[in-house]
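See structure below.
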Amino acid sequence: MAEIWLYNTLSRTKARLEPGDPGRVTMYVCGPTVYDRAHIGNARPAVVFDLLQRLLGHVYGEGHVVYARNITDIDDKIMARADAEGLGIEAVSRRYEDHYLADMAALGVRRPDLEPHATTSIGAMTAMIARLIASGHAYVSDGHVLFEVARDPDYGQLSRRPLDEMAAVARVEAADYKRAAADFVLWKPSTPGQPGWDSPWGRGRPGWHIECSAMIAEQLGETIDIHGGGLDLQFPHHENELAQSRCAHGGAALARIWMHNGFLSMGGGDKMSKSLGNVVSVGALLDEGWDGGVLRLALLSAQYRQPLEWSAQLLADSKARLARWARALDGVAAAATPPAGVVAALADDLNTPLALAELGKAVRTAPGEAVAGLALMGIALPAAGGGDDDGDIEAMVAARTAARAARDWAESDRLRDALAARGIVLEDGPQGTRWRRQ
Ligand code: AMP
Ligand code: ZN
């Protein structure tokens, strides 16, 4: 069995993966908050951990890996969006969850084995909060429940930030109901107009961090093998997840290995983020006609911990590389095993630049193995021929019809514009929407 080595943020070293039970390797990745379309930076962790799931399946056997990724479907941003559109939070979160799954599927991201939703895991959260109160790690104050950081001497072990720096970040969140600025919310009260659930501490809703801790314990167990997410989640989100799980479980570690992907940037090194406005959505890239396999190849062109600058050049290079491989491998059947060099590179902390170089070599020397290697990496070759494919356009027209039915006018306008940019004219009539090329 190949050994898998992964960089562990907790120890700051590359460590050999030693699953608690090799017959049931467990991995959890923090999933999306569903209030808007995913940008290509959000797709990086989805693709990276999908690749790791495939590698784990290859090494330990499909069926011996359990991968969970949550959907955060209750959050202040979802509530704000629902208010702005005059809809319920369920309508908003369902819409963007559907988009997320469709966008990720286009990038070759498989559905995780488990997709727990925050709103259907409230019982697990209140149970964990009650344990933290009973063990003296949390307190009730003014309808809130807070984790008391001072009661956990190991707090800060993941991000290794100096205490004064953590306090400075937390001071922004200082509030009358907190004993210390660094204390974080486990449960907060809802006003009558806000979504909420009954609890021993009044009607309210969970804080974000407790969601993941409770869902991990409920779905996978107290200690999992791998916990992943983007670098920005290290502090405070993962620090808080780690602390509350460890304290609720008598000191048991939450995860053996903590992994964090680096940032995708655009426009000169700035992290792609909605607050900076330098975002390009996965949906927009697909609508422009970029092939999902090309986008996935571009996302895997850098090792996951390294920064990745998204650019027109990167897309053009990835497209040319994949087209070359598609021509060379046209009609080639997959061999039983992928190239050994590809597996070895991936098993070394997902060294994808090396794995892709090995794949390129195999395209010339062992094409059958190369096809198996592409399957292992989840990279689909574009269909030969190229040009606009009618199925693709019909899918966009159907998505626009669905958006109109959901009264999502912004999305239906965006799709109409994207189709227009490809020279497609739409005619809405009583029989539905027809399309033709200009
Ligand atoms: P969010 O919806 O902002 O919580 O992000 C979802 C996931 O995408 C998290 O794992 C983030 O760490 C990750 N992420 C957000 N922005 C970027 C970026 N520019 N590059 C890489 N990962 C990102
Ligand atoms: Zn999380």
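None of the values given here were measured: they were computed from a predicted structure. Along the sequence shown, the residues carry numbers beginning at 1. Order of listing sets the numbers, starting from 1, for every ligand and every atom in it.
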* Determine, for Lys14 against Asp348, whether the closest basic-nitrogen to carboxylate-oxygen distance falls under 4.0 angstrom. => yes
* **Angle at the Zn ion (ligand 2) (to 10°), with one arm to OE2 of Glu241 and the other to SG of Cys212** => 100°
Backbone or side chain, does [X] get an N/O/S atom under 2.8 Å to the Zn ion (ligand 2)?
X: Glu211; result: no
X: His238; result: no
X: His209; result: no

* Asked: Side chains of His227 and Leu242: closer than 4.5 Å at any heavy-atom pair?
  -> no
* Specify whether the nearest protein heavy atom to atom 19 (N) of ligand 1 is under 4.0 angstrom away. => yes
* **Lys NZ or Arg CZ of Arg179 over Tyr139 ring: under 6.0 Å, within 45°** => yes
Does [X], backbone or side chain, put an N or O under 3.5 Å from an N or O of ligand 1?
X: Gly41; value: yes
X: Lys271; value: no
X: Leu264; value: yes
X: Trp208; value: no
X: Gly31; value: no

* To do: Take the angle between the ring planes of His209 and Phe184 and call it parallel below 30°, perpendicular above 60°, tilted in between.
  => perpendicular
* Asked: Going by the angle between their ring planes, with limits at 30° and 60°, are Trp258 and His260 parallel, tilted or perpendicular?
  -> parallel
* How far apart are the C-alpha atoms of Asp50 and Tyr67, what are their side-chain angles, what is the distance that settles it, and do they pass the side chain to side chain donor-acceptor pair (under 3.5 Å) test? -> CA-CA 9 Å; Asp50 172 77; Tyr67 172 28; over 6 Å; no
* Asked: Looking only at heavy atoms, is any part of Asn261 under 4.0 Å from ligand 1, and if so is it the side chain, the backbone, or both, or is it neither?
  -> side chain
* Asked: For atom CZ of Arg94, is the number of surrounding heavy atoms from other residues, nucleotides or ligands below 6.0 Å larger than 12?
  -> no
Run the contact test for [X] against ligand 1 with a 4.0 Å cut-off on heavy atoms, strictly below, and give the result.
X: Gly262; value: yes
X: His39; value: yes
X: Ser273; value: no

* Under 3.5 Å, is there a donor-acceptor pair linking the side chains of Arg205 and Ser190? -> yes
